[in-house]
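Please read all numbers here as calculations on a predicted model, not as lab measurements. One is the number of the first residue; the rest follow in order along the sequence.
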Amino acid sequence: MANQGNKKIADGMRVVCSLPNASHCINGLAFAAVLLDPKKGPIHISERLDVATAERFCGIEGYELWTGSEDAHARTIEDALDAVRRAPSTPGAPSGSAVEADLRRQVTELQNSNMAMAKDLSAANRRVRELETANTALTEELDRLKATGARAAA
């Protein structure tokens, strides 16, 4: 178990996201806006997480361990998370882990494209150096021919 402040991070803990643009799917994990205390307003709380995932989130500004009572609020939280998981996505937009899978596919495609462009750029740079060398040789040959022609004319 790891620590965050006075609270020990253990498997099955939840994380609260206090960022204003919090989503229902963050890094492929379900989060739900839940009103547990009307005085404080809704909180954006995660599904249960393993230690490593909770530690990663807690290392990011705007995320912290949820310190509320799991016994008192488990059903409310799980109902909200189930609703998030069941909610239809925006037409044409993937939901939940499909979003993460689609993003991973796009990142892989972009990385492959970048590698191909880097390869092409490297080949183009080699060709430019070859042409510069050939240009230098031709310029020297032209200068030599001009000098020889000028001497022959004189």
Is the closest side-chain heavy-atom distance between [X] and [Y] below 4.5 Å?
X      : Y      : answer
Met117 : Leu121 : no
Cys58  : Leu65  : yes
Lys146 : Thr148 : no

Donor-acceptor contacts under 3.5 Å from residues 129-136 side chains, at least two apart:
residue : atom : partner : partner atom : Å
Glu130  : OE1  : Arg127  : NH1          : 3.2
Thr133  : OG1  : Arg129  : O            : 2.9
Thr136  : OG1  : Glu132  : O            : 2.9

Residue pair Asn125 / Ser122, side-chain donor-acceptor N/O under 3.5 Å: no
Could you tell me whether Glu78 and Arg48 have a side-chain N and a carboxylate O separated by less than 4.0 Å? yes
What pairs of residues pass the ring-ring contact (aromatic ring centres under 6.0 Å, His included) test when at least one of them lies in residues 22-42, not counting sequence neighbours? His24-His44, Phe31-Phe57
When you look at Glu47 and Leu49, which way does the side chain to side chain contact (heavy atoms under 4.5 Å, CB included) test go after all the steps? CA-CA 6 Å; Glu47 59 187 275; Leu49 305 174; 4.2 Å; yes
Can you tell me if Glu61 has over 12 outside heavy atoms packed within less than 6.0 Å of its CD? no
Could you tell me the separation between the [atom1] atom of [X] and the [atom2] atom of [Y], rounded to the nearest 0.5 Å?
X      : Y      : atom1 : atom2 : answer
Ile43  : Asp37  : CD1   : CG    : 9.0 Å
Asn114 : Lys119 : CG    : NZ    : 14.5 Å
Leu29  : Arg14  : CG    : CZ    : 12.0 Å

If every non-hydrogen atom of Met13 is compared with every non-hydrogen atom of Trp66, which pair is closest and at what distance? CE-O, 4.4 Å
Starting from the C-alpha separation in whole Å, work towards a yes-or-no answer on side chain to side chain contact (heavy atoms under 4.5 Å, CB included) for Ile77 and Leu36. CA-CA 9 Å; Ile77 294 168; Leu36 301 177; 4.3 Å; yes
